[in-house]
Number of protein chains: 2
Amino acid sequence: MSIQTRRERERAERERLIVTAARELAETEGWDAVTTRRLAAEIEYSQPVLYSHFKGKDAIMAAVAVQGCADLAVELRAARTAAKDPREALAAVAEAYTSFGRRRPALYDAMFTLAVDLPFATPEAPEPLWEAFRELAAVVEPIAAEGEDTGLLAETYWAGLHGLVTLMRSGRLPEPAHEQRLALLIGHFTAAL
Amino acid sequence: MSIQTRRERERAERERLIVTAARELAETEGWDAVTTRRLAAEIEYSQPVLYSHFKGKDAIMAAVAVQGCADLAVELRAARTAAKDPREALAAVAEAYTSFGRRRPALYDAMFTLAVDLPFATPEAPEPLWEAFRELAAVVEPIAAEGEDTGLLAETYWAGLHGLVTLMRSGRLPEPAHEQRLALLIGHFTAAL
DNA sequence: CAGAAATTCTAGCAGCGCTAGCCAATCTGT
DNA sequence: ACAGATTGGCTAGCGCTGCTAGAATTTCTG
């Protein structure tokens, strides 16, 4: 029994190692640099070992994405709880969200841009995804108008932030005006207050 | 002189052929299916011919993206001019935009998601890109509040639409509630009226 | 300590974007 | 009209990718 559990522990440890290596490599050199060979070298195992843990490269990216959501949820929560009123909280979360996207682009892409087969808006979605989304929902809830669905409003607000981040990061929106656009978005979502 | 021009005409014709083939292949089978070999076979020339027209695959995708922007501009303009008041125009353009993104995902990705090195928010940006953006600016202009920059507002509105399209298409937002989210976005951008 | 089972490795497949260098068709000057 | 120069397309191949079959090694069991 003990041997079995030790093995499982070591396996889990190595899996953590893979995900961490993938995340660090992606964050420092971008996802293009994360090849299965490179990753295998990084963890000092041979390539096929990766496939005994994950179905493929996509699954590794999905695991990184889940970690990223946990990180994002923490940052969003910090921003939300530090604010002293709902309006300020909305702005703080927006700032935290877009800052996350710009500061950790590779992580952000794995989470929200690249095609990874993670269940998202379903009960089967990993908990960290829900944690991050619930932060958005929590910050949006007080500014919801009469009869507005909080979940849908959170999704819409999220879409606005996501659009700003991705269009800016891909060079389609000029960086300098980011704060102004953010202010516009926040302004229009709090107009009713 | 005539020979020269005939040659240039034929070259231009072939270039058009490449871009069209790339777009059609992408639209029917996705960008993953658009390989240089496949594309070469499609136009009935050998692979290296592509490189005498375009610097690489990215440049071909960029050309497709420019075509796509022209298409989008036409659809947005049609939606805008058919509407009978500014509020309705805003909604119609939003509907047209998101419909385009869902109806022609591969084209949309080349235009707004994938990393193609096209100059975007600069005077050097290809005309069709500006045409599409000007449609957004035109429809947003009447709903801009006192002192709001129309360009920035258009960018922000665009980001909202783009976020909705991409998050939905990648399965991160549930499809069925799309219209409701769209209504929320439009509502918050026209709250001042 | 031998056989069984699990695990890791080596080697290789098919496909990718891209390019060097050969070959053939076309144009030019006499 | 023909030899030489030039242009343009082709074949073949490089280094890389994600992924996997099957050998080899290690670990556990009777």
Side-chain angles (χ1 to χ4, degrees), chain A residues 1-19 21-23 25-26 28-65 106 109-110 114-118, chain B residues 1-19 21-23 25-26 28-65 106 109-110 114-118:
Chain A
M1 202 56 168
S2 171
I3 284 174
Q4 196 71 3
T5 57
R6 193 210 62 203
R7 286 213 158 162
E8 279 170 22
R9 203 174 54 237
E10 285 173 353
R11 247 191 93 79
E13 178 65 22
R14 196 173 59 181
E15 191 157 314
R16 238 183 33 105
L17 195 65
I18 293 171
V19 177
R23 200 199 57 213
L25 197 47
T28 54
E29 303 186 37
W31 281 109
D32 282 352
V34 184
T35 69
T36 54
R37 276 166 243 267
R38 182 81 186 276
L39 201 47
E42 212 76 36
I43 62 166
E44 298 178 311
Y45 280 93
S46 72
Q47 233 181 330
V49 165
L50 301 173
Y51 293 86
S52 74
H53 287 273
F54 298 95
K55 198 179 144 202
K57 194 188 165 182
D58 284 5
I60 297 176
M61 292 174 62
V64 172
D109 283 343
L114 301 175
V116 293
D117 61 342
L118 265 178
Chain B
M1 202 57 167
S2 172
I3 285 172
Q4 196 71 3
T5 55
R6 190 210 65 202
R7 289 214 157 162
E8 279 170 21
R9 202 174 54 237
E10 285 173 354
R11 245 190 94 77
E13 178 65 22
R14 195 172 59 180
E15 191 157 314
R16 239 182 30 105
L17 194 66
I18 293 171
V19 177
R23 199 198 58 213
L25 197 47
T28 53
E29 302 186 37
W31 280 110
D32 282 352
V34 184
T35 70
T36 54
R37 278 165 241 268
R38 182 81 187 275
L39 200 48
E42 212 75 36
I43 62 167
E44 297 178 311
Y45 279 94
S46 71
Q47 233 181 329
V49 165
L50 301 173
Y51 293 88
S52 74
H53 286 274
F54 298 95
K55 198 179 143 202
K57 194 189 166 182
D58 283 5
I60 298 176
M61 291 174 62
V64 172
D109 283 344
L114 301 175
V116 293
D117 61 343
L118 265 179

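Quick note on labels: first sequence line is chain A, next is B, and so on, each numbered from 1.
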Output the rounded distance in Å from [atom1] ([X]) to [atom2] ([N]).
X	N	atom1	atom2	answer
A:Ile43	C:dC9	CD1	C1'	13 Å
A:Asp58	D:dG18	CG	C1'	10 Å
A:Glu10	C:dA6	CD	C1'	14 Å
B:Glu15	D:dG9	CD	P	12 Å
A:Lys57	D:dC16	NZ	P	15 Å
B:Tyr45	C:dA25	OH	C1'	13 Å
A:Phe54	D:dT20	CZ	P	15 Å
A:His53	C:dT8	NE2	P	7 Å

(message) If the cut-off is 4.0 Å, is B:Arg14 near the phosphate of D:dG9, judged by side-chain N/O to OP1 or OP2?
(response)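 For D:dG9, OP1 or OP2 has a side-chain N or O of B:Arg14 closer than 4.0 Å.
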(request) Ignoring backbone atoms, establish whether A:Thr36 has a side-chain N or O less than 4.0 Å from OP1 or OP2 of D:dC19. (result) no
(message) Using the side-chain heavy atoms of A:Tyr51, tell me which of these nucleotides is nearest: D:dG9, D:dG18, C:dC9.
(response) D:dG18
(message) Which nucleotide wins on minimum distance to the side chain of A:Thr35, given the candidates D:dG18, C:dG17, D:dC10?
(response)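 Nearest to the side chain of A:Thr35 among the choices is D:dG18.
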(request) Could you pick out which residue, B:Ser46 or A:Pro48, lies toward the 5' side of DNA chain D when each is mapped onto its nearest nucleotide? (result) B:Ser46
(request) Tell me which of A:Gly56 and B:Arg11 sits closer to the 5' end of DNA chain D, going by the nucleotide each one is nearest to. (result) B:Arg11
(request) Would you indicate whether the side-chain heavy atoms of A:Val19 and A:Phe54 approach each other to under 4.5 Å? (result) yes
(message) Less than 4.5 Å apart, side chain to side chain, heavy atoms only: is that true for B:Val64 and B:Trp31?
(response)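 Sidechains of B:Trp31 and B:Val64: in contact.
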(message) Minimum heavy-atom separation for B:Ala106 and B:Ala26, please, with both atom names.
(response)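 Closest pair (atom of B:Ala106, atom of B:Ala26, distance): CB-O, 3.2 Å.
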(request) Indicate the atoms forming the closest heavy-atom contact of A:Asp58 with A:Val116, along with that distance. (result) O-CG1, 4.2 Å
(message) Tell me if a side-chain donor or acceptor on A:Lys55 pairs with a main-chain N or O of A:Ile60 at a distance below 3.5 Å.
(response)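 Absent.
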(request) Find which nucleotide of DNA chain C each of A:Glu44 and A:Arg37 is nearest to by heavy atoms, and output the residue with the more 5' nucleotide. (result) A:Glu44
(message) Tell me whether the side-chain N or O atoms of B:Gln47 pair up with the base of C:dC18 as donor and acceptor below 3.5 Å, since no angle test is needed here.
(response)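 Answer is yes: a donor-acceptor pair is held.
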